[in-house]
Amino acid sequence: MRRVLATALLTLIASAAGTVTATAQGEHFIGAVTCTKSLTSGLTCSGKAAGLGNSATAAFLSADSVEAEYICVNRGGNTAPGQGTEFNRVDGPTRNFNPRNGQITFTNVNLPIPTAPSSRDACPNGNWNLRLTRIAYDNVVLHIQQNGTDILTKNIGDVVIPPEGTVVF
């Protein structure tokens, strides 16, 4: 009886160990998302995401608002206050990726600098040049989408340029 019971118990343990179910972790970022910020190119992010299956995947950045500040500079190097511009709900260009083994490595996902006003409109006269001095992006979010629906997002938060450089999220 003991032998039969021990054999049945060992069979049950062996079958339970053999039926471990693999579960997907779901959509997630692998490692950190790295963003660079610059007054010439805006905010640009890169990183890696997994758990995406094999469907075409899009990535873009959005901000609730973007404010750009300018100064006016004449030929002698003198400055005058410029004109600020503000835009509400700004989406950067969409980058498309085809997952390999359910993963994408995204680069150059960008929220560009806003379009500058004309120096004629923003400065004392048309002979002055307009110079961008600051950009403030409010509530930046990285979107990873499939079929037009967010499947993964990363809240980057508020980003101010300058200072320029690299930020890891």
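Hydrogens, waters and symmetry mates play no part in the numbers below; they use all other heavy atoms, side chains included.
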Check for a donor-acceptor pair, side chain of [X] on one end and backbone N or O of [Y] on the other, with a separation under 3.5 Å.
X      : Y      : result
Asn110 : Ser41  : yes
Asn129 : Asn74  : no
Asp158 : Asn139 : yes
Glu164 : Leu39  : yes
Thr57  : Ser55  : yes

Establish whether [X] and [Y] are linked, either directly or via other cluster members, by ILVMFWY side-chain heavy-atom contacts under 4.5 Å.
X      : Y      : value
Leu132 : Val90  : yes
Val73  : Leu130 : no
Leu43  : Val141 : no

Residue pair [X] / [Y], side-chain heavy-atom distance below 4.5 Å:
X      : Y      : result
Tyr137 : Ile156 : no
Cys72  : Thr79  : no
Leu52  : Glu27  : yes
Phe97  : Ile144 : no
Val159 : Lys37  : yes
Leu142 : Phe169 : no

[atom1] of [X]: more than 12 outside heavy atoms within 6.0 angstrom?
X      : atom1 : answer
Arg89  : CZ    : yes
Asn155 : CG    : yes
Asn125 : CG    : yes
Arg131 : CZ    : no

Looking only at heavy atoms, which two atoms of [X] and [Y] are closest? And how far apart?
X      : Y      : answer
Gly42  : Ile113 : N-CG2, 3.5 Å
Gly53  : Pro99  : O-CB, 3.3 Å
Ser119 : Gly126 : OG-O, 4.3 Å
Ala50  : Gln103 : CB-CG, 3.6 Å
Pro117 : Tyr70  : CD-CE1, 3.6 Å

Rounded to the nearest 0.5 Å, what separates atom [atom1] in [X] from atom [atom2] in [Y]?
X      : Y      : atom1 : atom2 : value
Phe87  : Ser65  : CZ    : OG    : 11.0 Å
Gln145 : Thr153 : CD    : OG1   : 10.0 Å
Ile104 : Phe29  : CD1   : CZ    : 8.0 Å
Trp128 : Asn78  : CH2   : CG    : 6.0 Å
Lys48  : Ile30  : NZ    : CD1   : 5.0 Å
His143 : Leu152 : NE2   : CG    : 11.0 Å

**Asked** Between Leu61, Val140, Thr107, Leu111, which is the residue that forms a side-chain contact (heavy atoms from CB on, under 4.5 Å) with Cys45?
**Response**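 Per the side-chain contact (heavy atoms from CB on, under 4.5 Å) rule, the option paired with Cys45 is Leu61, out of Leu61, Val140, Thr107, Leu111.
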
**Asked** Is it the case that Asn108 and Thr44 place a side-chain donor and acceptor less than 3.5 Å from each other?
**Response**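 Distance-only check fails for Asn108 and Thr44.
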
